[in-house]
Number of protein chains: 2
Amino acid sequence: MNVLDSAVKLLQENEIRPSLTRIHILAYLLTNPVHPTVEQIYQALLPQIPTLSKTTVYNTLDLFLAKKLVKPVGVEYKEKHYDANTQNHGHFFCRVCEKIFDFDTHYIETETPELKGFQIEAKNVYYSGVCLDCRHKNKHKEDKNEKFEGNQDC
Amino acid sequence: MNVLDSAVKLLQENEIRPSLTRIHILAYLLTNPVHPTVEQIYQALLPQIPTLSKTTVYNTLDLFLAKKLVKPVGVEYKEKHYDANTQNHGHFFCRVCEKIFDFDTHYIETETPELKGFQIEAKNVYYSGVCLDCRHKNKHKEDKNEKFEGNQDC
DNA sequence: TACAATATTGTAATCATTACAAATAAAGAG
DNA sequence: CTCTTTATTTGTAATGATTACAATATTGTA
Ligand SMILES: [Mn+2]
Ligand SMILES: [Mn+2]
Ligand SMILES: [Zn+2]
Ligand SMILES: [Zn+2]
């Protein structure tokens with residue numbers, strides 16, 4: 001079964017009418033698990049859907065959020081990012097390449113005594129810093145005597 | 001020693017010249033650990049500093065962030081919130097009263113194998129939902145047959 | 001086909017934040 | 001205490017992501 005079909009299925013399971021636009025937006029999110037922004041989704045789909053409006057992308061993502069098909073990524077850097085992976089997991093934001101990485105947070109299922117009796121509806125864990133790739137690239141620059149801002153501790 | 005004095009001391013320790021405005025903004029953050037926004041700080045200090053400009057509050061907070069005197073609160077709800085408590089801790093955002101609660105996250109000092117070799121500069125944990133008070137207030141409404149949106153699971 | 005409900009679109013408004021240049025205040029030299 | 005330089009503060013305008021809203025197009029149903 002291809003992605004378009006799984007998108008249709010997912011939409012129907014969640015009682016969303018599978019319009020062309022919705023199918024494509026969801027399929028894009030499923031095949032590009034890079035936590036895209038509205039702008040990214042819009043630009044990526046424009047060739048296929050030339051009449052697409054950015055408002056529709058906003059509307060559709062709001063709908064998906066309401067139906068819990070996608071989750072917002074808790075990385076507060078300019079635009080909002082969206083994630084079709086609705087499992088609880090953490091995100092690492094690299095401030096150099098601006099990529100967003102996933103990591104597991106199962107260990108986080110620990111007690112939070114201060115929140116006893118609170119109704120916890122969403123958990124959000126994000127770290128930020130410099131990813132491995134960007135550190136390596138920077139090391140080369142350092143060899144050439146360029147300096148690196150930022151430190152190891154947190 | 002009063003708050004103004006500790007603010008001055010803190011500024012000097014961090015090589016920030018202790019101007020009146022800076023002292024007041026820092027003192028406000030120290031005495032009001034409610035994670036205020038620029039707008040809140042501005043409105044609160046306006047009576048004491050009638051010439052205060054909102055731009056100055058923005059500038060000052062940027063300076064404090066750069067010097068690591070304050071941290072941004074990773075709650076992405078409209079405006080940015082600031083925290084003079086720079087220890088690592090988590091935040092709970094209540095979507096009803098919009099208050100932000102602190103909780104301890106020492107347990108989170110766990111391995112994240114996916115991030116091996118990454119330079120982690122900031123850790124951010126926030127949960128959201130409904131706080132204890134708001135749940136209680138709502139229970140009263142429920143008794144009067146008003147319904148409550150949202151559920152217990154996360 | 002005709003009608004009603006739903007989905008999409010384009011434009012304008014909102015609003016927090018940033019850019020920037022002018023005005024003010026403080027520091028330092030003589 | 002002046003003059004000069006530097007740092008701070010201020011007001012206004014620009015930016016940019018998001019939202020509001022009304023018009024248009026599409027779809028489902030009879
Ligand atoms: Mn993810
Ligand atoms: Mn806090
Ligand atoms: Zn990177
Ligand atoms: Zn509450």
Side-chain angles (χ1 to χ4, degrees), chain A residues 7-8 10-12 14-28 35-67 69-82 93 95 98 100, chain B residues 7-8 11-12 14-28 35-67 69-82 93 98 100:
Chain A
V8 171
L10 244 171
L11 289 168
Q12 286 170 337
N14 290 82
E15 288 156 325
I16 299 171
R17 216 184 301 166
S19 74
L20 248 238
T21 318
R22 288 169 176 171
I23 296 169
H24 276 89
I25 293 177
L26 184 54
Y28 181 82
H35 316 94
T37 64
V38 163
E39 182 67 26
Q40 277 177 276
I41 298 171
Y42 174 71
Q43 293 300 340
L45 297 185
L46 208 47
Q48 306 165 55
I49 315 173
T51 62
L52 185 64
S53 148
K54 209 180 279 185
T55 304
T56 303
V57 182
Y58 275 106
N59 290 341
T60 306
L61 286 169
D62 282 350
L63 177 68
F64 288 179
L65 281 173
K67 298 281 190 162
L69 267 175
V70 302
K71 272 172 128 177
V73 177
V75 170
E76 43 182 25
Y77 180 73
K78 294 179 189 166
E79 300 147 79
K80 274 186 195 143
H81 293 255
Y82 298 87
F93 174 75
R95 66 172 162 81
E98 300 188 357
I100 295 169
Chain B
V8 171
L11 289 169
Q12 285 171 337
N14 290 82
E15 288 155 326
I16 299 171
R17 208 176 312 160
S19 73
L20 247 238
T21 317
R22 289 168 176 171
I23 296 168
H24 275 89
I25 292 178
L26 184 54
Y28 181 82
H35 316 94
T37 63
V38 163
E39 182 66 27
Q40 277 178 278
I41 298 171
Y42 174 70
Q43 293 300 341
L45 297 185
L46 208 49
Q48 306 163 56
I49 315 173
T51 62
L52 184 63
S53 147
K54 210 180 280 186
T55 304
T56 302
V57 182
Y58 275 106
N59 290 341
T60 306
L61 286 169
D62 282 350
L63 177 68
F64 288 178
L65 282 174
K67 298 283 189 160
L69 266 174
V70 301
K71 272 174 129 176
V73 177
V75 170
E76 42 182 24
Y77 180 74
K78 294 179 189 167
E79 299 147 80
K80 273 186 195 142
H81 292 255
Y82 297 87
F93 173 76
E98 301 188 359
I100 295 169

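As the structure is a prediction and not an experimental result, all values here were calculated from the model.
A/Arg22 places a side-chain N or O within 3.5 Å of a backbone atom of A/Arg17 that can act as its donor or acceptor partner. Without hydrogens or angle criteria, A/Thr56 side chain to A/Leu52 main chain gives no donor-acceptor distance under 3.5 Å. For A/His81 (side chain) and A/His35 (main-chain N/O), a donor-acceptor pair under 3.5 Å exists by modelled atom type.
Atom-to-atom distance recorded for B/Leu26:CG and B/Ser19:OG is 10.5 Å, nearest 0.5 angstrom. One finds the NZ atom of A/Lys78 at 11.0 Å from the OG1 atom of A/Thr37 (value rounded to the nearest 0.5 Å).
Here B/Phe64 pairs with nothing under the ring-ring contact (aromatic ring centres under 6.0 Å, His included) rule; sequence neighbours left out.
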Pull out every protein N or O sitting under 3.5 Å from an N or O of nucleotides 27-30 of chain D, one pair per line with the distance.
none

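Residue B/Thr37 has no polar side-chain atom (N or O) positioned under 4.0 Å from OP1 or OP2 of C/dA16.
We find that OH of B/Tyr42 is positioned 15 Å from P of D/dT9, with the value rounded to whole Å. Atom CD1 in B/Ile41 sits roughly 11 Å away from atom P in C/dT17 (whole-Å rounding). What separates CD1 of B/Ile23 from C1' of D/dT8 is a distance of 13 Å, to the nearest Å. Following rounding to the nearest Å, A/Tyr77 (OH) and C/dT17 (P) show an atom-to-atom distance of 15 Å. Atom C1' of nucleotide C/dA16 and atom NE2 of B/His81 are separated by 12 Å, given to the nearest angstrom.
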Nucleotide-resolved protein contact map, nucleotides 10-26 of chain D, B/S/- at heavy-atom distance under 4.0 Å: BBB----SBBB------
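Taking a 6.0 Å sphere around CG of B/Leu65, one finds it holds more than 12 heavy atoms contributed by other residues, nucleotides or ligands. Within 6.0 Å of CD in B/Gln48 there are more than 12 heavy atoms belonging to other residues, nucleotides or ligands.
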